[in-house]
Amino acid sequence: MNLVAKMRARRADNRTRRAVNRAIDGAATPALRHELMVIASQQVTTLR
């Protein structure tokens, strides 16, 4: 993987992480927040 590809992948990971964090913070109920956190932790361990 070259340098540019690594930078793009890192930016994409950061965008995804921010989107997940916004979704968790804006969850309507604690149950939904917990469900989003479980899904995120199953997908990628670096999210939240």
Side-chain angles (χ1 to χ4, degrees):
M1 187 182 268
N2 64 23
L3 180 63
V4 175
K6 286 181 183 180
M7 290 173 62
R8 286 181 182 148
R10 186 173 183 152
R11 280 197 310 257
D13 289 343
N14 287 336
R15 275 194 306 273
T16 302
R17 188 176 304 111
R18 284 193 306 267
V20 169
N21 286 338
R22 279 193 304 270
I24 291 171
D25 291 340
T29 63
L32 180 58
R33 182 177 300 118
H34 177 68
E35 191 69 26
L36 288 170
M37 290 168 66
V38 168
I39 292 168
S41 67
Q42 289 174 349
Q43 296 289 324
V44 179
T45 58
T46 60
L47 298 177
R48 205 168 234 229

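The chain is numbered in sequence order, starting from 1. Given the structure is predicted, the values throughout are model-derived calculations rather than measurements.
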query: Does any donor atom in the side chain of Asn14 or Arg17 lie under 3.5 Å from an acceptor atom in the other side chain?
result: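 Side chains of Asn14 and Arg17: pair found under 3.5 Å.
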
So OG1 of Thr29 and NE2 of His34: to nearest 0.5 Å the spacing works out to 11.0 Å

Distance col, row Glu35:CD vs Ile24:CD1, nearest 0.5 angstrom, shows 11.0 Å

Shortest non-hydrogen pair, Leu36 vs Ala23, comes out as CD1-O, 3.5 Å

Tightest non-hydrogen contact, residues Ala28 and Leu32, listed as N-CD2, 3.9 Å

